[in-house]
Amino acid sequence: MPPVAYLHCNNDGMDLEDTQIKHISLELTERCNLRCKYCIYHEDQCGFRNFGMTDMSFEVAKKAIDILKLSNESTVYLSFYGGEPLLKFNLLQECIQYCTETLHNKTIIYNMTTNATLISEDIAKYLMNIENFSITISLDGPKMIHDKNRIFSIGEGSFDKCYQGVQNLINAAQDDVAKRINFNIVLSDTKVSTLLLKKKRLSQMRKIISDSLCFKQKSLSYC
């Protein structure tokens with residue numbers, strides 16, 4: 001597929017000479033409820049940038065979605081990112097509703113990257129009721145590994161909240177759990193001994209999640 005020729009946006013509308021754009025990611029907010037030690041926004045990083053406090057407006061989100069509306073592709077992709085996108089759950093809901101109204105003639109594939117700490121039972125049910133909505137969860141391993149880096153601003157580890165969010169999602173996803181939930185793991189310690197331990201612990205945690213939620217025949221995938 002050739003590259004997009006040009007994209008020009010102004011207050012009067014959009015001119016798209018080439019309408020092959022099919023994937024857009026929305027950074028719903030710069031804010032995050034975690035302070036992961038390896039995050040590029042963390043003060044210990046050499047390229048330190050302050051944590052932002054800016055939220056995307058619905059008007060901006062609609063303009064982005066309108067680009068997908070003009071796409072000549074029958075299948076389009078919309079991703080939600082942050083910060084932590086669930087800090088703007090209301091905006092995510094507005095975006096989904098707008099897509100339903102304006103992209104009804106297209107197949108929409110959704111994805112969201114999240115730390116899962118804010119996923120309540122109600123949020124899980126809402127997300128898993130959306131067709132073609134998958135979730136990538138940042139989970140570094142079992143509690144002893146995950147909590148080394150993925151911490152709240154007060155210094156507490158986030159594993160317990162993340163684990164509860166995963167449980168809520170699995171309960172809501174039911175038979176679709178294997179294709180709706182993925183995990184993204186950051187390897188901050190690459191010593192062979194640590195990697196072998198992490199592999200062993202992940203296998204144990206995978207079994208615990210499946211067994212405790214009666215999904216013994218299901219498989220969760222790791223990116």
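Source: prediction; values computed, not measured. Sequence positions, counted from 1, serve as the residue numbers for this chain.
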> Does the ring centre of Tyr110 sit less than 6.0 Å away from the ring centre of Tyr77?
Replying inline: no

Evaluate the side-chain proximity of [Y] to [X]: yes if any heavy-atom separation is below 4.5 Å, no if none is.
X      : Y      : value
Arg180 : Met128 : yes
Ile96  : Phe133 : yes
Phe58  : Lys62  : yes
Met112 : Thr136 : no
Arg150 : Asn115 : yes
Ile137 : Ile181 : yes

>> Does either side chain, that of Asp55 or that of Thr29, offer a donor lying less than 3.5 Å from an acceptor on the other one?
In response: yes

> Does any donor atom in the side chain of Asn168 or Tyr163 lie under 3.5 Å from an acceptor atom in the other side chain?
Replying inline: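 Asn168 vs Tyr163: no donor-acceptor pair found between side chains.
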
>> Per the salt bridge (charged side-chain N to carboxylate O under 4.0 Å, His left out) rule, what does the pair list look like for residues 156-170, sequence neighbours excluded?
In response: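 Listed by first then second residue: Lys143-Asp160.
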
>> Quick check on the hydrophobic clustering: are Ile109 and Leu103 connected, directly or via other members, by side-chain heavy-atom contacts under 4.5 Å?
In response: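 Cluster IDs for Ile109 and Leu103 differ.
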
> Is Leu91 reachable from Tyr81 through a run of I, L, V, M, F, W or Y residues, each pair having side-chain heavy atoms under 4.5 Å apart?
Replying inline: no

> Residues two or more places apart in sequence or in another chain: which of them pass side chain to side chain donor-acceptor pair (under 3.5 Å) with Gln97?
Replying inline: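 Applying side chain to side chain donor-acceptor pair (under 3.5 Å) to Gln97 gives Glu101.
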
> Excluding sequence neighbours, so at least two apart, what forms side chain to side chain donor-acceptor pair (under 3.5 Å) with Glu121?
Replying inline: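 If we apply the side chain to side chain donor-acceptor pair (under 3.5 Å) test to Glu121, skipping adjacent residues, there are no hits.
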
>> Please determine whether a side-chain nitrogen of the Lys or Arg among Lys63 and Asp66 lies less than 4.0 Å from a carboxylate oxygen of the Asp or Glu.
In response: no

